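Beneath this line is the structure, given in structure tokens, with notes to follow.
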Number of protein chains: 2
Amino acid sequence: MDPINIRQLAEKLNLSVSTVSKAFRNSYDINPQTRERILALARELNYQPNPAAASLRTQQSKTLAVILPAIDNTFFVQALKGIETVARQRGYHVLIYVSYDDHDQEVALTNSLQRGRIDGVLMSIADAGKDLGHLSELGAKGIPVVFFDRVYEHDDHFQVTTNDRESAYSATAHLLGLGCRRIAHLTLDRSLSIADRRRQGYLDALRDYGIAEDPDLVFACPVDAEQKYEALHAFLARERPEAVFSSFENLALLTYQACASLALRIPQDLKIISFSNLEAAPLLSPALSTVHQRAYEIGSSASGILIDLIEQKPTPGFRKLSLPATLELRTSTIG
Amino acid sequence: MDPINIRQLAEKLNLSVSTVSKAFRNSYDINPQTRERILALARELNYQPNPAAASLRTQQSKTLAVILPAIDNTFFVQALKGIETVARQRGYHVLIYVSYDDHDQEVALTNSLQRGRIDGVLMSIADAGKDLGHLSELGAKGIPVVFFDRVYEHDDHFQVTTNDRESAYSATAHLLGLGCRRIAHLTLDRSLSIADRRRQGYLDALRDYGIAEDPDLVFACPVDAEQKYEALHAFLARERPEAVFSSFENLALLTYQACASLALRIPQDLKIISFSNLEAAPLLSPALSTVHQRAYEIGSSASGILIDLIEQKPTPGFRKLSLPATLELRTSTIG
DNA sequence: TTGAAAGCGCTAACAA
DNA sequence: TTGTTAGCGCTTTCAA
């Protein structure tokens with residue numbers, strides 16, 4: 001029942017604890033036969049080294065923390081898959097923390113991250129418009145951090161993102177190419193690296209097509225739960241855009257709902273394209289055109305870079321890695 | 001940079017380490033002013049107790065492991081949300097492990113769970129048809145486990161599930177009530193507590209409506225990636241059921257695809273209802289009727305029970321908690 | 001190739 | 001109310 005420790009194991013073998021310890025970290029200065037004998041008995045007695053003790057001694061926990069703004073979101077789920085897979089391959093455990101898009105929770109969470117429990121942090125931030133002192137504190141504790149997707153724009157940090165500006169540009173250009181002129185942009189009501197870049201791509205495309213920017217056509221959705229749908233509904237009813245480019249999946253889904261309520265037909269009355277990794281996008285009514293991010297790769301790369309950092313392996317010379325998104329055009333724009 | 005330890009903190013305060021230690025676990029035998037003085041300096045110097053050391057000493061890590069068969073699945077994501085929320089409220093950290101529906105990975109994962117790293121395990125199993133010795137080993141290590149959704153049918157263990165049989169019955173009865181007679185059932189190609197119960201609900205409903213069971217109408221989908229769609233497509237083409245009751249979300253989505261390819265109209269040619277927590281279900285073409293599980297509550301309850309178990313608090317007298325699902329009827333059946 | 005021993009940072013029993 | 005101290009289980013240096 002109670003797990004045995006290394007000393008009891010050593011005693012049963014008439015060996016010293018140091019020899020037994022060596023067997024588990026296949027040190028070279030150990031007799032292969034001794035090693036086998038040790039491992040065999042360990043298996044039999046179900047001995048497993050106590051990770052807390054090892055961690056205390058070696059000052060490494062083989063554990064990463066992942067801090068996400070949300071989890072019920074196809075992008076983050078797929079990124080998490082990438083993170084978990086690489087971490088496990090390399091012998092790391094993954095602690096998950098969700099800030100629920102709340103800056104204060106993110107701060108509390110980050111500050112509670114102790115040296116000793118984790119070796120590094122993967123992070124997608126909730127709101128870059130707030131005080132980001134908690135991120136510097138992580139650095140001050142000597143904990144390596146890699147940001148992904150919703151990054152902290154700071155040259156000192158590694159980050160893995162999508163080519164947000166370029167793919168937002170392509171999505172907008174796609175709508176422009178279809179002849180749309182009144183193109184609305186849906187984004188979030190807060191400062192976010194990715195939101196800024198996607199909006200920039202939208203604006204750049206408008207400019208290149210000689211369309212004047214109309215601030216009324218940019219809808220920055222309040223993040224707080226309830227009002228979202230009402231606000232978006234009112235916006236669409238008021239502005240009656242010909243097309244919508246949405247930077248966030250959930251805003252696209254809300255637009256579908258609002259269109260039903262407003263009796264707007266997609267794509268005849270309103271075309272829509274959105275950043276989204278929703279697997280069911282082709283099955284929506286109508287099938288949703290998406291900007292599809294390489295979520296799994298973003299997660300796996302970020303995870304790999306973080307572990308390299310922790311293990312002081314050579315890391316990429318550039319600190320910013322950007323993976324291209326792909327446009328997946330469907331009926332909601334090309335019906 | 002390098003974090004200071006409790007001794008250094010104590011020295012700076014001219015106090016002993018034990019007094020300082022007490023301040024952090026608001027022990028009663030400490031002067032409130034001393035306590036304040038300690039906490040103030042700790043804040044200033046950014047001192048945080050080393051969790052590995054505490055864990056080694058107290059034999060508890062304040063960490064739970066969650067083992068899931070999949071993560072890109074609305075049910076598990078929502079359950080995870082419930083788990084994480086409750087865990088955090090109660091001061092626990094959450095390690096996440098994904099078995100990717102692979103029994104061998106699950107075994108490896110489970111066996112690698114060490115006493116000392118985690119205080120307890122939340123688990124949804126990959127395949128109950130295989131050797132489940134690894135689960136007993138967890139018990140042998142004295143690690144408490146709570147199963148949820150895909151549970152290990154064993155009276156010794158706590159489990160939190162949906163009322164699978166009953167809701168499967170209702171879903172099937174709904175189709176029968178619409179006049180359908182050739183009702184297919186989609187399930188997975190493996191032994192799974194929930195699959196068995198849902199199938200039973202389906203069979204019970206058929207029987208109560210006086211319909212003979214037709215084994216050809218039960219499609220047990222291979223879990224391996226590639227062949228899934230082909231197999232399902234062939235099944236639908238061959239059997240031409242009037243309706244489908246699916247026990248798993250992804251099979252419903254595949255059915256939508258297959259219907260498009262077979263030029264079957266939903267619901268005119270084929271009605272479909274499925275277990276699913278997909279947020280976009282109302283937006284599908286057509287809107288999907290679902291059996292919606294209380295995923296968040298299942299996760300939060302399981303998490304709460306596990307922590308009670310760990311902390312030796314009184315746990316529910318009954319070991320099996322079942323939360324009812326709700327039928328959400330939409331166009332795919334009542335079009 | 002093996003072993004002795006120090007010590008990682010903390011908690012808790014006990015003494016003062 | 002505060003302090004002394006043993007020891008949680010492991011790794012690692014150094015000696016044998």
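Values below: all heavy atoms of this structure, side chains included; hydrogens, waters and symmetry mates excluded. By convention in this document, chain letters (A, B, ...) are assigned in the order of the sequence lines, proteins followed by strands, and residues within each chain are numbered from 1. As the structure is a prediction and not an experimental result, all values here were calculated from the model.
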**Report entry** Presence of salt bridge, A:Glu84 and A:Arg88, under 4.0 angstrom
**Finding:** yes
A:Ile38 atom CD1 is separated from C:dT1 atom C1', nearest whole Å, by 11 Å
From CZ of B:Arg37 across to P of D:dT1 the rounded distance in Å is 15 Å
From CD of A:Gln33 across to C1' of C:dT2 the rounded distance in Å is 14 Å
Q. Can any side-chain N or O of B:Ser124 pair as donor or acceptor with the backbone N or O of B:Arg150 at less than 3.5 Å?
A. yes
Discussion item. Using a 4.0 Å heavy-atom cut-off, does A:Ser55 contact any base of the nucleic acid, only the sugar-phosphate backbone, or nothing at all?
Written reply: nothing
Heavy-atom contacts, protein to nucleotides 6-16 of chain D, under 4.0 Å, summarised as B (base), S (sugar-phosphate only) or - (none) per nt, yield BBBBBBB----
ask   = Counting only heavy atoms not in B:Lys12, do more than 12 fall under 6.0 Å of its NZ?
value = no
**Prompt:** Would you call B:Lys81 and A:Asp72 a salt bridge, taking side-chain N to carboxylate O under 4.0 Å as the test?
**Reply:** yes
* Asked: Does the side chain of B:Leu309 come within less than 4.5 Å of B:Phe158's, by heavy atoms?
  -> yes
To the nearest angstrom, the CG-P distance between A:Leu13 and C:dT2 comes to 12 Å
Should the ring pair A:His157 and A:Tyr152 be called parallel, tilted or perpendicular, given that the plane angle runs from 0 to 90° and is split at 30 and 60?
tilted
Axis-to-axis angle for the helix from C:dT1-D:dA16 to C:dA16-D:dT1, ends of five pairs each, to 10°, equals 30°
*asked:* In the structure I gave you, are the side-chain heavy atoms of B:Gln114 and A:Pro51 within less than 4.5 Å of one another anywhere?
replied: yes
Worksheet item: Do A:Val145 and A:Leu135 have side chains that get closer than 4.5 Å, going by heavy atoms?
Response: no
